[in-house]
Amino acid sequence: MFSRKFGTKQRGRAAAAVVLAALMVMTSACGQRGDASGEAQSGAAAQTITVASSGTPAPMTYADKNGNLTGYEIELLKEVDKLTPQYKFNYEKVDFQGITAGIDSGKYQIGANFFNYTPERAQKFIFSKYPHYRDSASVLAKPGFAETHKFTKLSDLGGYTVPSDQQGAAWQVFVEDFNKMFPNKPMKIVYTGVDHATRLRQISQGQFDFGYGGRFHQKVYATDLGVKVEYIPIPDSVAQNDAQRKLLKSLRQETYFLFPKTAEGQKISDAVDKALVKLHQNGTMQKLSKHYLGYDMTGSNADWA
């Protein structure tokens, strides 16, 4: 009799223990499961993402008085970091050419350096889905240039002297492709290793006719450095055929982040894209653009749909 009662109690306790253990496992599993956005699992260490930037051109990216990277693109990524708990962003200042080399080798996971789209880059890297900076095709020239020099056809840009670096940036690609398209009236390209601010000062002094730059360049360099240049938009109407329209489109200043062209790079890019859309929807991106660039250069809501 005693042994029978004792056995019943033991079986009851064992059953209760099994149920309790099962509940604990279920609770633990629910707590560790991230949602479809890729949020970090509870207790899981965030993956370190290294963002590479040269710290120029300001105010897109630059080093503050303490040597830390800041600027529109860097602060935008800091906001992205807040929305992607599965990642922890670190920032490293490197030479411009070292950015793409480091992404290609796997040393860096994001490049933030006023990168425009080029077909050559697209062969090796993933671009963020939407440009976080948008401006029309344009050049910067000495004040008064537009009054005496009219661009009614794309070929009208030919014959002028322009500066360019040799780092494969969008402006270099544009002027070299322009000369291939218009060999009878090419631009006179002067390759130089000086920084963008120096090139704009040389343009303002008449050493060059015009050069690369957008609306925010004009405002920032004029305000901070006293460089006076004129912003000249190049309308789409100057292009007379599909090839010219494609070339002119490459001059539009649409800026993206770069990622490794790997499965992991695509995963990171997708998470960043989703966060960028949220930052545009809630107005954070526009506030950063106005603060650093002087204008809202982020595009309309329709551009981010």
Side-chain angles (χ1 to χ4, degrees), residues 38 40 45-133 164-174 176 191-197 199 212 250 253-276 279 288 292:
Q47 178 184 347
T48 298
I49 300 295
T50 302
V51 178
S53 178
S54 71
T56 183
M60 281 289 183
T61 170
Y62 61 95
D64 63 18
K65 62 181 180 180
N66 297 317
N68 298 316
L69 284 170
T70 186
Y72 172 61
E73 290 193 295
I74 303 303
E75 297 307 316
L76 184 57
L77 284 174
K78 289 179 181 178
E79 294 297 325
V80 170
D81 193 9
K82 295 176 184 177
L83 296 177
T84 52
Q86 68 270 37
Y87 299 126
K88 174 178 171 50
F89 288 15
N90 290 333
Y91 303 87
E92 188 170 327
K93 188 174 182 292
V94 299
D95 291 338
F96 180 79
Q97 292 179 327
I99 299 172
T100 51
I103 295 173
D104 198 28
S105 69
K107 183 177 181 180
Y108 309 125
Q109 289 72 53
I110 301 178
N113 215 98
F114 201 34
F115 283 114
N116 286 23
Y117 177 92
T118 67
E120 293 79 11
R121 285 178 183 154
Q123 291 178 4
K124 300 188 69 175
F125 306 104
I126 295 171
F127 283 78
S128 45
K129 185 176 181 179
Y130 304 100
H132 50 271
Y133 168 85
S164 176
D165 60 30
Q166 290 182 285
Q167 297 181 334
W171 174 251
Q172 179 189 348
V173 174
F174 172 78
E176 291 177 351
Y191 292 104
T192 173
V194 301
D195 61 25
H196 192 57
R199 291 199 295 272
Y212 177 75
S250 72
Q253 296 177 40
E254 296 182 339
T255 302
Y256 304 81
F257 296 121
L258 293 188
F259 306 86
K261 202 163 192 177
T262 61
E264 183 63 24
Q266 186 64 65
K267 181 180 177 182
I268 297 169
S269 175
D270 289 344
V272 171
D273 286 338
K274 186 170 184 178
L276 288 173
L279 292 172
L288 288 173
Y292 285 98

Identify the heavy atoms of [X] and [Y] that sit nearest to each other, and give their distance.
X    : Y    : value
D104 : F125 : N-CE2, 3.9 Å
S269 : S128 : OG-CA, 4.3 Å
A271 : Q86  : CB-NE2, 3.9 Å
V80  : T84  : O-OG1, 2.9 Å
F89  : V51  : CD2-CG2, 4.2 Å
Q167 : Q172 : N-OE1, 3.2 Å

Less than 4.5 Å apart, any side-chain heavy atom of [X] and any of [Y]?
X    : Y    : answer
Y292 : T70  : yes
Y212 : Q253 : yes
T100 : K124 : no
S250 : F174 : yes
H132 : L279 : no
Q47  : E264 : yes
F257 : L276 : yes

List the atom pairs, with distances to 0.1 Å, where a side-chain N or O of residues 109-122 and a protein N or O form a donor-acceptor pair under 3.5 Å, not counting sequence neighbours.
from: Q109; atom 1: OE1; to: T50; atom 2: N; distance (Å): 2.8
from: Q109; atom 1: NE2; to: G106; atom 2: O; distance (Å): 3.2
from: N113; atom 1: OD1; to: S53; atom 2: OG; distance (Å): 3.3
from: N113; atom 1: OD1; to: S54; atom 2: N; distance (Å): 2.6
from: N113; atom 1: OD1; to: S54; atom 2: OG; distance (Å): 2.8
from: N113; atom 1: ND2; to: S54; atom 2: OG; distance (Å): 3.2
from: N113; atom 1: ND2; to: T56; atom 2: O; distance (Å): 2.8
from: N116; atom 1: ND2; to: R252; atom 2: O; distance (Å): 3.4
from: T118; atom 1: OG1; to: R121; atom 2: N; distance (Å): 3.1
from: R121; atom 1: NH1; to: N116; atom 2: O; distance (Å): 2.8
from: R121; atom 1: NH2; to: G168; atom 2: O; distance (Å): 3.4

Mind checking the [atom1]-[atom2] spacing from [X] to [Y]? Nearest 0.5 Å is all I need.
X    : Y    : atom1 : atom2 : answer
L77  : Y87  : CG    : OH    : 13.5 Å
K267 : T262 : NZ    : OG1   : 11.0 Å
D81  : N90  : CG    : CG    : 8.5 Å
T192 : Q166 : OG1   : CD    : 9.5 Å
M60  : Y133 : CE    : OH    : 5.5 Å
I126 : Q266 : CD1   : CD    : 4.0 Å

D95, CG: over 12 other non-hydrogen atoms inside 6.0 angstrom: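 No.
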Surrounding NZ of K78 (heavy atoms of other residues, nucleotides or ligands, distance under 6.0 Å), is the total greater than 12? yes
Got a donor-acceptor contact below 3.5 angstrom from the R199 side chain to the V194 backbone? yes
Ring center gap for Y256 and F127 short of 6.0 angstrom: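 Here the rings of F127 and Y256 have centres that are less than 6.0 Å from each other.
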